[in-house]
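Okay, so here's the structure we're looking at.
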Amino acid sequence: MTSAMFNDPRNIRIEDYNYPLPQEKIALHPLAVRDACKLLVYNGCTISDHIFSEIPTLLPKACMLVCNNTRVINARLRFNKATGALIEIFCLEPASPADYAQAFATRCKCSWHCLIGNAKKWKEGMLSMTVDTMAGRTILTAERMEQPPAVDNSRVIMFSWDNDAVTFSDIISAVGEIPIPPYLNRRSEDSDRTDYQTVYSQIDGSVAAPTAGLHFTPTLLGEIERKGIDIRELTLHVGAGTFRPVKSECIGDHDMHSEFIAVPRDIITDIACAIAERKKIVAVGTTSVRTLESLYHIGRLIIEGRWKGEVPQWTAYGALTEPSAAEALEAVVKWLVDTGADTLMAHTRIIIAPGYKYRVVGGMITNFHQPQSTLLLLVSAFIGEGWRKVYTHALNEGYRFLSYGDACYFEP
């Protein structure tokens, strides 16, 4: 029996990861200067207060910074029925074609897994709207497919339009709204189209931003590189499930959402080499953390002959083997070479909670997370019970919380 099996977190009570978060502590907008926010640094023993622009001097020289280059899409579409009822369609991930790039490039029709707002007012028939895009005008229609709703209550919606010069990307760029977090309790604004994107965002697909990356500026990234720190990018498309609260008493009854990851083979090789050279891997944001740790378990499952395209929720807590991080990543690279793939494309449902053993990530830049959330569990798995001291200090010292708030750097 492996040591991991003694650390199964399924009996953890989510109420033990609660803390008081007054509404006034939640940042509704970011600061005008991205890297002017506060930065709390915790090394496992002591807390120190900084400004985010100091991060180049705080990172160890022998490290690699890994960022998530996903880009938030204008995922929220609002249709008005002839009766005047407003129906909101929130695009989560493509159904057909299932590939993100292909879905955005489609002409005339595509289908998506979507959440529907005010669904009781739309029981049958099609919704439509006129859309003026850079490629021309078109009539967009939405039709609810026959399949029953999924576990997350999403349904498959078929979108079709009558101008084959227009892509689905053109449509959501023209009329879609950026889906800011629900806890901000406000409509999205024009400023959110820029504010809610990292400066290095490239790959369309997320419905929420990897918010730790919002603090970086091109100048700051240049300073980090001039210090000799390597910066690498990977992709995890953040799903709406990141905001879904844990409603079960114990986290063993919580169904973790699945998210798409894509990591080029050469990036995996670079990370494996950095680990072999004993460089610390510093993840920017919990999405980068989930991707990096998923890479380890994908490699482990490949070694065990059990890889099926998605990292199961609890696989980390019942491992049959325990390869080193370098061995696991090298197994992923070999598998990609053998299959003729340049990029690993997979899904992950991994849940990281106290009891989890970090294999790849040695440092973490992140924001302050919601009480009783899976993201707070992930942080607690990294810094232990010190999370309580960190969050109490942040509340007492006027830090701004959640997506548009201040940042932390953890290096236990």
Side-chain angles (χ1 to χ4, degrees), residues 29-30 34-35 65-77 89-95 97-106 110 112-115 133-135 159 166-182 184 188-218 220-221 231-243 257-264 267 283-292 294 343-348 365-367 402-404 407:
H29 295 88
R34 287 176 180 251
D35 61 0
L65 195 68
V66 180
C67 309
N68 181 7
N69 65 8
T70 189
R71 187 167 180 82
V72 184
I73 64 172
N74 293 349
R76 187 171 276 127
L77 299 169
I89 297 180
F90 190 170
C91 299
L92 298 178
E93 62 177 345
D99 179 87
Y100 279 86
Q102 292 178 22
F104 292 124
T106 53
C110 63
W112 281 68
H113 299 282
C114 303
L115 296 174
T133 77
M134 297 292 288
F159 295 104
V166 174
T167 66
F168 191 67
S169 180
D170 293 330
I171 288 171
I172 62 172
S173 294
V175 294
E177 294 181 18
I178 205 86
I180 59 172
L184 295 184
S188 60
E189 302 167 8
D190 286 344
S191 58
D192 292 311
R193 288 178 175 251
T194 301
D195 291 342
Y196 204 52
Q197 302 283 9
T198 64
V199 295
Y200 46 77
S201 64
Q202 294 182 51
I203 312 298
D204 287 342
S206 279
V207 299
T211 54
L214 296 179
H215 308 296
F216 287 91
T217 66
L220 198 60
L221 291 168
I231 301 176
R232 295 293 184 272
E233 295 179 0
L234 42 71
T235 305
L236 179 144
H237 288 325
V238 190
T242 193
F243 298 122
H257 58 287
S258 179
E259 291 176 316
F260 172 83
I261 61 175
V263 190
I267 297 296
V284 179
T286 56
T287 59
S288 297
V289 170
R290 292 189 78 216
T291 307
L292 289 165
S294 291
T343 300
L344 172 72
M345 295 187 184
H347 282 80
T348 183
I365 297 170
T366 188
N367 282 18
L402 307 186
S403 293
Y404 276 148

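Predicted, not measured: the structure shown is a model, and the values here were computed from it. FYI, side chains are in, hydrogens and waters are out, and symmetry mates aren't considered; it's all heavy atoms of this structure.
You'll find the side chain of Leu214 stays beyond 4.5 Å of the side chain of Asp195, heavy atoms only. Between Val66 and Thr291 the shortest side-chain heavy-atom distance does not fall below 4.5 Å. When side chains are defined from C-beta on, Leu65 counts as touching Val284, because their heavy atoms get closer than 4.5 Å. At least one side-chain heavy atom of Asn367 sits less than 4.5 Å from a side-chain heavy atom of His215. Taking the side chain as every heavy atom from C-beta outward, Tyr200 and Ile231 never approach each other to under 4.5 Å. Considering only heavy atoms from C-beta on, Arg193 comes within 4.5 Å of Asn74 through its side chain. The shortest distance between side-chain heavy atoms of Thr106 and Pro97 falls below 4.5 Å. Using a 4.5 Å heavy-atom cutoff, the side chains of Thr198 and Pro210 are in contact.
With sequence neighbours left out, Arg34 forms a salt bridge (charged side-chain N to carboxylate O under 4.0 Å, His left out) with no residue at all. Considering only residues two or more places apart in sequence or on other chains, His347 meets the ring pair (Phe, Tyr, Trp, His ring centres under 6.0 Å) condition with Phe260. For Arg71, the side-chain contact (heavy atoms from CB on, under 4.5 Å) partners at least two apart in sequence or on another chain are Gln197, Ser201, Asp204. By the side chain to side chain donor-acceptor pair (under 3.5 Å) test, Thr167 is found to be paired with Asp170, residues two or more places apart in sequence or in another chain being considered. For Pro94, the side-chain contact (heavy atoms from CB on, under 4.5 Å) criterion is met by Tyr100, Ala103, Trp112, not counting sequence neighbours. Looking at residues two or more places apart in sequence or on another chain, you find a side chain to side chain donor-acceptor pair (under 3.5 Å) between Tyr404 and Asp192. Taking Thr286 as the reference, nothing meets the side chain to side chain donor-acceptor pair (under 3.5 Å) condition, with sequence neighbours excluded. Remark: Ser288 engages Asn68, Leu234, Ala283 in a side-chain contact (heavy atoms from CB on, under 4.5 Å) (not counting sequence neighbours). With sequence neighbours excluded, the residues satisfying side-chain contact (heavy atoms from CB on, under 4.5 Å) with Ile203 are Asn69, Thr235, His237. By the side chain to side chain donor-acceptor pair (under 3.5 Å) test, His257 pairs with Glu259, sequence neighbours left out. Partners of Glu177 according to the salt bridge (charged side-chain N to carboxylate O under 4.0 Å, His left out) rule, which considers only residues two or more places apart in sequence or in another chain, are Arg78, Arg187.
Shortest non-hydrogen contact noted between Pro181 and Ser403 is CG-OG, 3.4 Å.
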